[in-house]
*Asks:* 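The structure follows.
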2 protein chains.
Amino acid sequence: MVTTDFVKPKILVVDDEPDAVDLIAFNLKAAGFRVTAAPDGEVALKKARQESPDLIVLDLMLPEVDGLEVCKILRRDTATAGIPIVMLTARAEEVDRVLGLELGADDYITKPFSPRELVLRIKNLLRRRHGGEGGDPDRLQIDELVIDVPRHLVTVAGRAVELTATEFRLLSVLAQRRGRVQSRDQLLRDVWDYDSLIDTRTVDTHIRRLREKLGKAARFLDTVRGVGYRFAES
Amino acid sequence: MVTTDFVKPKILVVDDEPDAVDLIAFNLKAAGFRVTAAPDGEVALKKARQESPDLIVLDLMLPEVDGLEVCKILRRDTATAGIPIVMLTARAEEVDRVLGLELGADDYITKPFSPRELVLRIKNLLRRRHGGEGGDPDRLQIDELVIDVPRHLVTVAGRAVELTATEFRLLSVLAQRRGRVQSRDQLLRDVWDYDSLIDTRTVDTHIRRLREKLGKAARFLDTVRGVGYRFAES
DNA sequence: GTGCTTTGTTGCGAACTTGTCACCTTTCCG
DNA sequence: CGGAAAGGTGACAAGTTCGCAACAAAGCAC
């Protein structure tokens, strides 16, 4: 539990009612997710870009910029385009309207909803994303590369690869955010410590070491010039 | 019991006395097993590899290659290493000698034995091996290492190992989470008390003591550098 | 009490990890 | 093309981790 914190899916909850946020956050945490919250669209967009959450729960009704707009912007921005979005709507008939707009949220749920249902839908979306149908969420499998977090084990085409603790964490974080670019700063925050004073070039060194050890599977580690690194979509 | 033959467990009986083989085979078949037999070590090894039986009943006294030798070879060969072995010995005192050799048969039974007892032991071993359905959940068996939690008893290849209370708890916790890395903090919480103020290095010391006492079975205690310890998957 | 076992702590050294730097190579762009 | 910026690479020194042994304290039987 403690050792695997860094791969717990991180979920951004966007809602302007603190009570709703609390309720959702409580249930999500109980289900083993990390939670971060935003009260309005502006903060939501900022956090989505900076913290690179694995999924966003987005209330349709928001002050200032409304949920629809936020959704659209998130989809347009490459840094956040891939993140699944679950829309919260107050009334059922709104769903139809929203669907008609085709703005590409991945699921919809109407208030009031049972926390259990929300958790189920979130798990579903995350599972779908990780390709592992019905698979263990702690185990990432991308073609010949398998990352087993609780076991702290990585294999490439069935062959075990020996990674150090840092390398393992770096690979896990990248793999978990497959397809999304992670800036060096973002990686330093998530793989190293919260406010690490480490040089960003250090990330490059670790990427190099990972590539060396991963052999064939190194092809997954894309460099995005001027931005950061990305775990290849496939 | 079982309707389709191919799911009946197949048992290889190795004994040089045809009468003994007949007796055993008769009783095993009556109990719903398929039986194949070998009169000596050489044939036994060949059949073990080719027919991949679910369990082997092995007489200690054999012409040419003796039972001990056969047992050792079976254990070393990856194709047969996982097959449970029940050793037949002519006299009770031989059991001690055999145990001393630590060659990892899974059970021992002395001649003369009641067929019913043999069948019981075989069923036990098979049950335990198959993911422990209906098996004793308080008893962990990993190859030659047996941890009997309620009895506070640990044996390696049939030989009892004397562990202190702390050592026993540590081993049990690790074994129960086989394959998953446990951080030192996690272990301190689970093996020691909830909010123990004990130094994490203490865990190392206990691991060392465990390894010392477990002898051959120490190979199960993996160190995962920078993370913690893990009970090896196999 | 005395002697024995258990258990937590400490110090040492070897092996491993890891952040940084200097130096290349590649890419970008006018 | 030429220069600048970004990223790859190898080396290295400082830091960390872990096994081990010795020690000290606590518990326990007699």
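Below, read A as the first sequence line, B as the second, and so on, with proteins coming before strands; counting in each chain starts at 1.
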*Asks:* Among dG7(D), dG19(D), dT7(C), which nucleotide has an atom closest to any side-chain atom of R184(A)?
*Replies:*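 Of the candidates, dG7(D) comes closest.
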*Asks:* Quick one: which of V181(A), D185(A), L187(A) gives a side-chain contact (heavy atoms from CB on, under 4.5 Å) with S183(A)?
*Replies:*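 Only one of V181(A), D185(A), L187(A) forms a side-chain contact (heavy atoms from CB on, under 4.5 Å) with S183(A), namely D185(A).
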*Asks:* Consider the side chain of D199(B), meaning its heavy atoms from C-beta on, and name the nucleotide among dT18(C), dT9(C), dC18(D) that approaches it most closely.
*Replies:*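 For D199(B), the side-chain atoms sit closest to dT9(C).
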*Asks:* R208(B) side chain N/O closer than 4.0 Å to the phosphate oxygens (OP1, OP2) of dC18(D)?
*Replies:*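 Checking R208(B) against dC18(D): no side-chain N or O falls below 4.0 Å of OP1 or OP2.
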*Asks:* Would you say dG8(C) has OP1 or OP2 under 4.0 Å from some side-chain N or O of H206(B)?
*Replies:*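 Indeed, a polar side-chain atom of H206(B) lies that close.
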*Asks:* Please give, in whole Å, the distance from dT18(C) P to L171(A) CG?
*Replies:*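 Taking atom P of dT18(C) as the reference, CG of L171(A) is at 14 Å.
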*Asks:* Going by modelled atom types, is there a donor-acceptor pair between the base of dG8(D) and the side chain of R209(A) at under 3.5 Å?
*Replies:*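 No pair found.
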*Asks:* Within less than 4.0 Å of OP1 or OP2 of dG8(D), is there a side-chain N or O belonging to Y229(A)?
*Replies:*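 Answer is yes, contact under 4.0 Å.
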*Asks:* Without decimals, in angstroms, what is the distance between R230(A) CZ and dA6(D) C1'?
*Replies:*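 Rounded to whole Å, this separation is 16 Å.
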*Asks:* Want to settle it: does T205(B) or L163(B) sit nearer the 5' end of DNA chain C, counting the closest nucleotide to each?
*Replies:*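 Nearer the 5' end of the strand: L163(B).
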*Asks:* Can you measure L210(B) atom CG to dC18(D) atom P for me and round it to whole angstrom units?
*Replies:*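 Going from L210(B) (CG) to dC18(D) (P), I get 17 Å.
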*Asks:* Name the residue closer to the 5' end of DNA chain C, choosing between K213(B) and A165(A) according to the nucleotide with the nearest heavy atom.
*Replies:*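 Nearest-nucleotide comparison on DNA chain C picks K213(B).
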*Asks:* Does a nitrogen or oxygen in the side chain of W192(A) sit under 4.0 Å from OP1 or OP2 of dG19(C)?
*Replies:*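 It does, given that an N or O in the side chain of W192(A) lies less than 4.0 Å from OP1 or OP2 of dG19(C).
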*Asks:* L170(A) CG to dT17(C) P: how many Å, rounded?
*Replies:*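 So the two atoms are 15 Å apart, to the nearest Å.
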*Asks:* Classify the side chain of R225(B) versus the base of dT17(D) as yes if they form a donor-acceptor pair under 3.5 Å and no if they do not.
*Replies:*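 Between dT17(D) and R225(B), which were checked side chain against base, a qualifying N/O pair under 3.5 Å is present.
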*Asks:* Please report the C-alpha distance between F220(B) and D143(B) in whole Å, then the side-chain angles of each, then the deciding distance to 0.1 Å, and finally whether the side chain to side chain contact (heavy atoms under 4.5 Å, CB included) criterion is met.
*Replies:* CA-CA 10 Å; F220(B) 291 117; D143(B) 293 1; 4.1 Å; yes
*Asks:* Verify the distance criterion only: is there a donor paired with an acceptor across the side chains of R230(A) and Q182(A) at less than 3.5 Å?
*Replies:*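 Result is no, nothing qualifies.
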*Asks:* Counting the atoms with a prime plus P, OP1 and OP2 as sugar-phosphate, which does T202(B) contact under 4.0 Å by heavy atoms, base, sugar-phosphate, or nothing?
*Replies:*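 Base contact - T202(B) has a heavy atom under 4.0 Å of at least one base atom.
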*Asks:* Between dG11(C), dT17(C), dG19(C), spot the one nearest the side chain of R201(B), thanks.
*Replies:*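 Of the options given, the side chain of R201(B) lies nearest dG11(C).
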*Asks:* Mind calculating the distance between CD1 (I207(A)) and C1' (dG8(D)) to the nearest angstrom?
*Replies:*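 About 12 Å, once rounded to whole Å.
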*Asks:* Just the rounded figure in Å: distance from C1' of dT9(D) to CD of E212(A).
*Replies:*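 Going from E212(A) (CD) to dT9(D) (C1'), I get 9 Å.
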*Asks:* Indicate, with a heavy-atom threshold strictly under 4.0 Å, whether V224(B) touches base, sugar-phosphate, or nothing.
*Replies:*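 It contacts sugar-phosphate atoms only.
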*Asks:* Under a 4.5 Å cut-off applied to non-hydrogen side-chain atoms, are T164(A) and R225(B) in contact?
*Replies:*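 Heavy-atom side-chain distance check fails, nothing below 4.5 Å.
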*Asks:* How many Å lie between CG on D204(B) and P on dT9(C), as a whole number?
*Replies:*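 Going from CG in D204(B) over to P in dT9(C) covers 12 Å.
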*Asks:* Side chains of K213(A) and E162(A): closer than 4.5 Å at any heavy-atom pair?
*Replies:*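 K213(A) vs E162(A): side chains apart.
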*Asks:* Is the phosphate of dG19(D), meaning OP1 or OP2, less than 4.0 Å from a side-chain N or O of T223(B)?
*Replies:*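 The answer is yes; a side-chain N or O of T223(B) sits under 4.0 Å from OP1 or OP2.
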*Asks:* Quick one: which of dG7(D), dT7(C), dG19(D) gets closest to the side chain of T164(B)?
*Replies:*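 In terms of side-chain proximity for T164(B), the closest of dG7(D), dT7(C), dG19(D) is dT7(C).
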*Asks:* Find the distance E167(A):CD to dT16(D):P and express it as a whole number of Å.
*Replies:*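 Value for this atom pair: 18 Å.
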*Asks:* Any side-chain heavy atom of Q186(B) within less than 4.5 Å of one from R177(B)?
*Replies:*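 When only atoms from C-beta onward are counted, R177(B) and Q186(B) do touch, with a gap below 4.5 Å.
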